[in-house]
Amino acid sequence: MSKWVKIEVPDDFDNEFILSHDREMPVWNPEDTYVNVLDHGYIGLVDFMGDDEAIVRSARVSYGKGTKKVQSDRNLIRYLLNNYHMTPIEACEFTFHVKAPIFVFRQLMRHRNGVFNEYSARYSEMSDDFYIPNPEHMLPQSPDNKQGRTDEVLSDTNYKACWTAIEQVFEDSYMTYKHLLGTTEGDKATALPDILEQRKKFLEEAAMQGLLKMQKTAKNRGEELEITDDMISEKIADYMEQQGFATVSDDFTGIAKELARIVLPVSVYSQLYWKCDLLSLFNFIHLRADPHAQYEIRVYAEAILEMIRPIVPWAIEAFEDYWMNATSLSAMETTIVEKLISKALTGTDKSILKDDIIKDMKELGCSKREIDDFCKKFSI
Ligand SMILES: Cc1cc2nc3c(=O)[nH]c(=O)nc-3n(C[C@H](O)[C@H](O)[C@H](O)COP(=O)(O)OP(=O)(O)OC[C@H]3O[C@@H](n4cnc5c(N)ncnc54)[C@H](O)[C@@H]3O)c2cc1C
């Protein structure tokens with residue numbers, strides 16, 4: 001017969017009786033959680049299940065509820081994160097509504113444990129919101145980090161030039177998108193995108209130049225060549241044919257949205273709902289709020305951390321202490337550190353150093369167990 005398996009927790013958790021829900025809980029209103037991110041993006045917490053108490057309850061499933069004091073609940077959560085007892089952390093679930101550029105969503109969706117439902121560009125028209133980095137973030141390639149940028153801000157002129165080039169692409173691509181959709185404005189089809197209009201004008205001018213040249217040659221031969229509208233139309237049609245250029249007919253009603261969207265760049269904004277448990281969120285925040293992550297996703301990760309902090313403050317505190325701001329050592333690095341400590345201790349009174357370490361660790365808020373573990377790890 002199967003049995004509940006109890007996670008081994010230290011005895012010092014069983015102290016005074018205080019219901020953990022006596023702790024002041026934040027009032028959550030989904031609309032108040034929305035924050036703006038990047039130039040047109042946002043993120044909001046539209047739903048959640050569970051809080052610090054749910055983590056504690058899951059960990060203590062076989063102890064029964066409400067028999068631990070507040071301080072010990074906090075310590076239990078710290079113990080879980082410090083010792084990789086991660087499933088209780090999954091007791092909390094969050095659903096976010098995110099608006100971000102598609103290139104950010106490509107990175108976000110690499111996080112496989114999330115559940116995503118995205119705005120359908122097959123079903124609905126895309127908006128004309130595109131991401132353009134502001135001057136502090138339009139930066140040159142880093143020479144030593146192939147995936148990163150430097151912090152050398154561009155000159156005003158170069159920033160404006162980059163902005164203009166990017167903005168031109170957005171305008172052309174969005175106009176082309178609307179043109180391909182066959183969108184009508186009033187009873188008129190959307191104008192030809194600027195970039196095609198320019199190419200068409202260029203071909204018309206080239207056709208006209210060709211005709212004038214023919215007229216001049218005829219004149220040199222003493223002949224009269226009258227250029228008629230039909231000749232102009234025929235010549236333009238010839239040129240367009242030769243250059244592989246065509247414009248749609250008057251009765252064109254467009255192509256499907258799922259096809260027209262292929263001209264939109266990855267900087268176009270989309271929206272999605274993202275459901276994720278707390279453990280996966282911690283993994284996401286650890287990787288994407290890190291300075292190595294791209295700025296444009298980092299700002300979403302940082303926003304999430306602050307958004308959920310009022311719901312799971314103890315879990316976040318523990319996550320920051322034992323995961324996000326912690327450093328792990330490889331076996332080789334551990335050997336070196338042990339060697340360094342042993343060298344430093346040569347000729348020193350070990351107990352004095354140990355007392356110092358205990359004092360420092362206590363001041364940093366470490367429990368007795370953490371201090372003992374540390375001393376054991378490095379044979380102090
Ligand atoms: C700075 C940075 C640069 C990156 N550069 C690139 C790049 O150049 N190219 C590229 O392709 N990707 C890149 N990535 C993406 C990266 O390789 C991961 O795919 C992404 O960060 C998701 O991480 P994850 O697998 O831990 O997250 P999740 O998919 O959310 O998984 C969370 C955790 O669940 C567990 N898990 C999930 N699925 C499984 C499974 N099937 N089996 C076992 N365990 C599982 C693992 O413990 C995992 O860590 C980059 C990521 C970062 C942060």
Side-chain angles (χ1 to χ4, degrees), residues 5 7 37-38 41 43-50 54-55 58-59 77-118 131 133 136-152 265-267 270-309 311-312 315-316 318-331 333:
V5 177
I7 290 175
V37 188
L38 301 179
I43 181 162
L45 179 65
V46 293
D47 207 354
F48 73 93
M49 179 184 84
I55 299 172
S58 299
I77 292 176
R78 293 177 74 75
Y79 175 85
L80 295 173
L81 269 138
N82 192 16
N83 291 278
Y84 303 99
H85 288 309
M86 294 306 199
T87 45
I89 314 296
E90 293 174 34
C92 305
E93 296 260 355
F94 300 86
T95 304
F96 301 97
H97 176 199
V98 194
K99 181 177 176 194
I102 284 177
F103 72 89
V104 171
F105 283 163
R106 283 199 61 174
Q107 297 186 344
L108 174 63
M109 286 182 180
R110 293 305 305 277
H111 295 270
R112 297 158 289 174
N113 298 342
V115 177
F116 301 97
N117 284 287
E118 191 179 358
Y131 171 63
E136 303 97 81
H137 299 110
M138 187 103 76
L139 303 171
Q141 174 64 42
S142 160
D144 45 18
N145 173 4
K146 287 193 177 152
Q147 278 198 330
R149 44 189 112 162
T150 64
D151 51 9
E152 289 161 34
V266 288
S267 50
S270 179
Q271 292 183 41
L272 53 74
Y273 275 74
W274 170 30
K275 184 178 80 85
C276 195
D277 67 50
L278 185 59
L279 179 61
S280 295
L281 265 187
F282 280 163
N283 185 60
F284 169 80
I285 294 166
H286 167 66
L287 292 170
R288 303 296 181 172
D290 185 90
H292 292 97
Q294 180 164 351
Y295 164 78
E296 283 78 12
I297 192 162
R298 215 161 65 219
V299 278
Y300 286 91
E302 288 164 358
I304 288 170
L305 185 63
E306 295 318 315
M307 199 171 286
I308 64 171
R309 194 185 290 275
I311 300 165
V312 278
I316 290 187
F319 160 70
E320 288 176 329
D321 285 346
Y322 297 113
W323 191 343
M324 195 168 163
N325 302 325
T327 308
S328 65
L329 297 179
S330 67
E333 288 166 337

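Order of appearance sets the numbers: ligands from 1, and atoms from 1 within every ligand. If you're wondering where the values come from, they're calculated on a predicted model, not measured in any experiment.
- Salt-bridge annotation for Arg106 and Glu296: absent, with no side-chain N of the basic residue lying under 4.0 Å from a carboxylate O of the acidic one.
- The residue among Leu287, Ile297, Asp290 with a heavy atom at the shortest distance from atom 53 (C) of ligand 1 is Leu287.
- Nearest protein neighbour of atom 25 (O) of ligand 1, counting heavy atoms only, is Arg112 NH2, 2.7 Å.
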### Task
Step by step, work out the side-chain hydrogen bond (donor to acceptor under 3.5 Å, both in side chains) result for His292 and Asp290.
CA-CA 5 Å; His292 292 97; Asp290 185 90; 2.7 Å; yes
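- For the atom pair Phe319 CZ and Leu305 CG, the distance stands at 6.5 Å (nearest 0.5 Å).
- Rounding to the nearest 0.5 Å gives a distance of 8.5 Å between CG of Leu272 and CG of Asn117.
- The protein reaches atom 31 (O) of ligand 1 closely, with a heavy atom under 4.0 angstrom from it.
- For atom 43 (C) of ligand 1, no protein heavy-atom neighbour is found at a distance under 4.0 Å.
- One distance of note links SG of Cys276 with CG of Asn113; it measures 7.0 Å at 0.5 Å rounding.
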### Task
Determine, stepwise, if the pair Val98 / Phe116 fulfils side-chain contact (heavy atoms from CB on, under 4.5 Å).
CA-CA 10 Å; Val98 194; Phe116 301 97; over 6 Å; no
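- In terms of protein heavy-atom proximity, atom 11 (O) of ligand 1 is nearest to Arg110 NH1, 2.6 Å.
- Taking a cut-off of under 4.0 Å to the non-hydrogen atoms of Asn113, the atoms of ligand 1 that pass are 30 (O), 31 (O), 32 (C), 33 (C), 34 (O), 37 (C).
- Only the side chain of Asn283 comes within contact range of ligand 1, with a heavy atom under 4.0 Å; no backbone atom does.
- Few gaps surround CZ on Arg309; more than 12 heavy atoms of other groups in view lie less than 6.0 Å from it.
- Scanning the protein for heavy atoms near atom 1 (C) of ligand 1, the closest one is His292 O, 3.7 Å.
- With rounding to the nearest 0.5 Å, the separation of CZ in Phe282 from CD in Glu320 is 8.5 Å.
- If you look at Gln107 next to ligand 1, there are no close heavy atoms at all, none under 4.0 Å.
- By the definition of a contact as any protein heavy atom under 4.0 Å away, atom 16 (C) of ligand 1 is not in contact.
- In the candidate list Arg106, Gln147, Arg288, Arg288 is nearest to atom 14 (N) of ligand 1, counting heavy atoms.
- Within the 4.0 angstrom cut-off, atom 47 (O) of ligand 1 has no protein heavy-atom neighbours.
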